[in-house]
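The structure under discussion appears below in the form of C-alpha cells.
As a basis for the values below, the full set of heavy atoms in this structure was taken, side chains included, without hydrogen atoms, waters or symmetry mates.
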Amino acid sequence: MADRAGVRALAARAVRIGAFGGAAAVRMAAIAATSSGSTRGTRLAAELARLTERLGGAFVKAGQILGTRVDLVGETVGTALGRLHDSVEPMTPEEALRTLRAGLGPIPPELVRAVGGPSVAGGSIACVYRAERGGRAVAVKVRRPGAGAAIAADLAVLRAVAAVAARLPPLRRVPFLEIVDQIGDCLMAQLDFGAEAANLRRLHDDLAEVPGVVVPRPVPELCGDGVIAMEFIEGLDRGAIESLPARVREAQITSLVHAVYRMLFIEGFLHIDLHQGNTYFMPDGTVVLLDAGLVFRMSAEARERFTGFFAGMIRGDGEVCADILLSTVRRTESETNIEAFRGEVSDLVMRNVGMVARDFDLPAFCLDLFDLQRKYRLYAEPEFIFPMLCLLTLQGVVKRHHPMMDFQLEAAPFVMHGLLVTTGATG
C-alpha cells in the first residue's frame with residue numbers, strides 16, 4: 001500500500017514538473033519571439049526564476065546554488081535566481097501557526113504576532129520572522145508545510161534517472177546512486193530542525209576562533225519540530241557587499257575563505273549552502289553565516305584524503321594527488337592503465353597550480369578530473385563531491401570580489417593544521 005502511495009506521489013510530482021516546465025517553455029518561446037534584444041534576456045531569466053520557485057523542493061536549492069555562480073550563468077540569470085536566496089513567496093500565517101503549534105505546543109504570544117506579519121526572508125524550506133522576546137530580537141525560522149514531500153519526490157526522480165544512467169556501458173562504474181543518496185540525505189536532513197539547531201551550535205563553536213566571522217546562537221527554548229529560533233542580527237543586506245570599499249570587501253572574503261577552510265580541512269564539518277541568502281557582508285567588516293540545515297559531516301578518512309589531495313595541489317605534486325584518488329577507488333580492472341591515469345592527473349594538477357581566483361576555473365577542473373576517471377573507469381570517493389560543492393559555491397563570490405586571491409595558497413595553514421590533526425589522531 002505504501003509503495004503504491006509512493007508511486008502515485010512520484011507520478012504526481014513528475015506531472016507537476018512536466019506541466020510547469022511545459023507552460024514555462026511556451027512562455028519563454030513567446031518572450032524570445034516578441035521581446036526586443038534589450039529586454040529579452042532579463043525577461044527570460046525572470047521566467048526561469050519563476051519556474052524554479054513554482055517547482056519548489058530541490059529545484060529551488062539548485063537555483064540558489066546556480067545563483068552564486070554569476071561567472072558561469074551570467075549577470076542577468078544570476079540576478080534573477082538571486083531572489084531565490086531569501087525572497088521566495090512566504091507561507092500564509094495559518095500555515096506558519098500550524099507548524100508552530102505542532103513543534104512548540106502552546107505558542108508564545110510574541111511568536112503569534114511575528115508570523116501574523118510579513119516574513120523577513122523566505123527560502124525553499126522555511127520562512128523567517130522577527131520576534132521580540134524578553135527585550136531582545138530573535139529570528140524564528142518556520143518550516144514550510146509540504147516541503148519534505150516535494151524534496152522526497154524530486155529525489156525519487158533523480159534516483160530513477162541515476163539508476164538508468166548507471167546501466168549505460170560507459171557509466172557503469174560511476175557511483176551515481178550513492179552520490180544521489182548522499183546528496184538526498186543532506187537535503188532531507190534540512191527538514192530536521194532539531195538537528196539543524198545542533199548544527200548551528202556546532203558551527204558557532206567551530207568558527208568562534210575565526211576573526212570577523214559571526215554565527216548566531218540558537219535559542220533552545222523556542223526550538224522544536226519545524227521551528228528554530230536564534231539571535232536576530234540587524235542590518236542583513238545581501239547587496240551590501242557591492243557598496244563596500246575594496247579593502248573591506250577583500251578582508252571579508254578572506255575571513256569567509258578561512259572559515260570554510262577551517263570547516264573543510266580541520267573540522268570535516270561542511271556548510272555547503274553558502275549562497276547570498278546565508279552569507280552576509282556587514283558594514284563593520286564582519287561576515288555573518290546563517291542556516292546550518294545543509295551541512296555534511298565528512299568521515300575522518302575522507303577528510304584526511306581530501307586534505308592530502310589539496311596539499312598536493314598546493315605543492316604542485318600531481319602524482320600525490322593521483323595516488324590519493326587511486327587509494328579511494330573500490331575496484332580496478334586488469335586492463336586499466338594506472339600509470340597513464342597517474343600521468344594525466346598529474347598534468348591536470350600542474351596546469352592549475354598557483355593560479356589566483358580569477359584564473360582558476362574550479363568547475364572546469366572538477367569536470368576534467370571526472371572525465372579522467374570516466375576515461376580510465378576509476379571512480380574516486382563519492383564523499384569528495386561535498387567539499388567540491390562547498391568550494392564551487394565559495395569560489396563564485398571569491399572570483400567576483402577578490403579575484404587576485406591565491407585560492408590554493410590561502411588554504412596552506414589550514415591544510416597543514418588538518419594534516420597535523422590527522423597525524424596526532426593516528427600517531
Side-chain angles (χ1 to χ4, degrees), residues 65 69 72 158-186 264-265 268 270 272 296 298-355 359-395 407-408 411 415 418-419 422:
I65 293 172
R69 296 307 308 248
L72 300 180
L158 283 174
R159 212 171 188 282
V161 172
V164 172
R167 292 191 181 97
L168 299 175
L171 302 175
R172 281 180 183 157
R173 300 286 302 282
V174 184
F176 281 125
L177 285 172
E178 189 169 349
I179 290 170
V180 169
D181 285 344
Q182 288 186 347
I183 292 174
D185 288 344
C186 279
L264 179 55
F265 300 119
L270 311 182
I272 52 178
F296 183 75
M298 298 180 74
S299 68
E301 186 177 41
R303 183 197 64 79
E304 176 185 350
R305 285 171 169 168
F306 191 81
T307 302
F309 183 90
F310 219 91
M313 284 202 69
I314 293 170
R315 295 195 306 268
D317 193 338
E319 291 190 357
V320 164
C321 295
D323 288 340
I324 288 172
L325 288 178
L326 285 168
S327 73
T328 73
V329 172
R330 295 170 184 179
R331 183 166 63 90
T332 60
E333 297 177 359
S334 57
E335 66 271 20
T336 301
N337 189 334
I338 300 295
E339 286 307 309
F341 174 77
R342 292 179 80 246
E344 290 206 50
V345 170
S346 181
D347 288 345
L348 175 63
V349 169
M350 292 305 297
R351 291 197 304 270
N352 287 276
V353 166
M355 290 186 175
D359 301 324
F360 181 42
D361 191 340
L362 182 59
F365 176 82
C366 293
L367 288 173
D368 287 345
L369 195 59
F370 180 80
D371 192 54
L372 287 176
Q373 294 176 68
R374 180 198 56 77
K375 176 181 176 181
Y376 290 95
R377 303 183 72 184
L378 295 167
Y379 296 100
E381 172 59 61
E383 276 192 47
F384 277 18
I385 194 171
F386 293 98
M388 290 297 190
L389 280 173
C390 179
L391 292 175
L392 282 168
T393 305
L394 176 67
Q395 197 205 21
F407 198 62
Q408 298 168 32
V415 168
L419 293 175
T422 300

Anything under 3.5 Å between a donor and an acceptor, one on a side chain of residues 363-371, the other on a protein residue two or more places apart or in another chain? List them.
residue: Asp371; atom: OD1; partner: Arg374; partner atom: NE; Å: 3.1
residue: Asp371; atom: OD1; partner: Arg374; partner atom: NH2; Å: 2.8

message: For Ala322, give me all partners under side-chain contact (heavy atoms from CB on, under 4.5 Å), at least two apart in sequence or on another chain.
response: Arg342, Val345
- prompt: Is a side-chain donor or acceptor of Gln395 paired with a backbone partner of Phe360 at a separation under 3.5 angstrom?
  reply: yes
message: Working to the nearest 0.5 angstrom, can you tell me the gap between Met350 CE and Glu319 CD?
response: 10.0 Å
- prompt: Under a 4.5 Å cut-off applied to non-hydrogen side-chain atoms, are Phe310 and Leu391 in contact?
  reply: yes
field: Interatomic distance, Met388 atom CE to Leu264 atom CG [nearest 0.5 angstrom]
entry: 9.5 Å
- prompt: Which residues pass the salt bridge (charged side-chain N to carboxylate O under 4.0 Å, His left out) test with Glu335, sequence neighbours left out?
  reply: none
message: For Met298 versus Pro387, what's the shortest heavy-atom pair and its separation?
response: CE-CG, 3.9 Å
query: Rounded to the nearest 0.5 Å, how far does CZ of Arg303 lie from CG of Leu270?
result: 11.0 Å
- request: Using the test salt bridge (charged side-chain N to carboxylate O under 4.0 Å, His left out), find all partners of Asp317 that sit at least two apart in sequence or belong to another chain.
  value: none
- prompt: Looking at Gly316 and Val353, what are the two nearest heavy atoms and their distance?
  reply: CA-CG2, 3.6 Å
task: Could you check if a side-chain atom of Leu326 sits within less than 4.5 angstrom of a side-chain atom of Leu378, using non-hydrogen atoms only?
output: yes
message: To check you understand the geometry: which heavy-atom pair defines the closest contact between Ile324 and Arg305, and what is its length?
response: CG2-O, 3.4 Å
query: Short question: side chain of Gln408, backbone of Asn352 - any donor-acceptor pair under 3.5 Å?
result: yes
- request: Not counting sequence neighbours, list each pair that qualifies as a ring pair (Phe, Tyr, Trp, His ring centres under 6.0 Å) and has a residue in residues 317-349.
  value: Phe341-Tyr376
- prompt: Roughly how far, to the nearest 0.5 Å, is OG of Ser346 from CD of Glu339?
  reply: 11.0 Å
message: Using 0.5 Å steps for rounding, measure from the CD atom of Glu344 to the CG atom of Asn337.
response: 9.0 Å
- prompt: What residues, two or more places apart in sequence or in another chain, satisfy salt bridge (charged side-chain N to carboxylate O under 4.0 Å, His left out) together with Asp359?
  reply: none
Sub-4.5 Å side-chain heavy-atom contact between Met355 and Asp361: no
query: To the nearest 0.5 Å, what is the distance between CG (Leu392) and CG (Leu362)?
result: 4.5 Å
- line: Residues at least two apart in sequence or cross-chain that pass ring-ring contact (aromatic ring centres under 6.0 Å, His included) with Phe306, listed by chain then number, are Phe384
- prompt: How far apart are the closest heavy atoms of Gly308 and Val320, and which atoms are they?
  reply: O-CG1, 4.4 Å
task: For Asp347, enumerate each residue passing the side-chain hydrogen bond (donor to acceptor under 3.5 Å, both in side chains) test, keeping only those at least two apart in sequence or located in another chain.
output: none
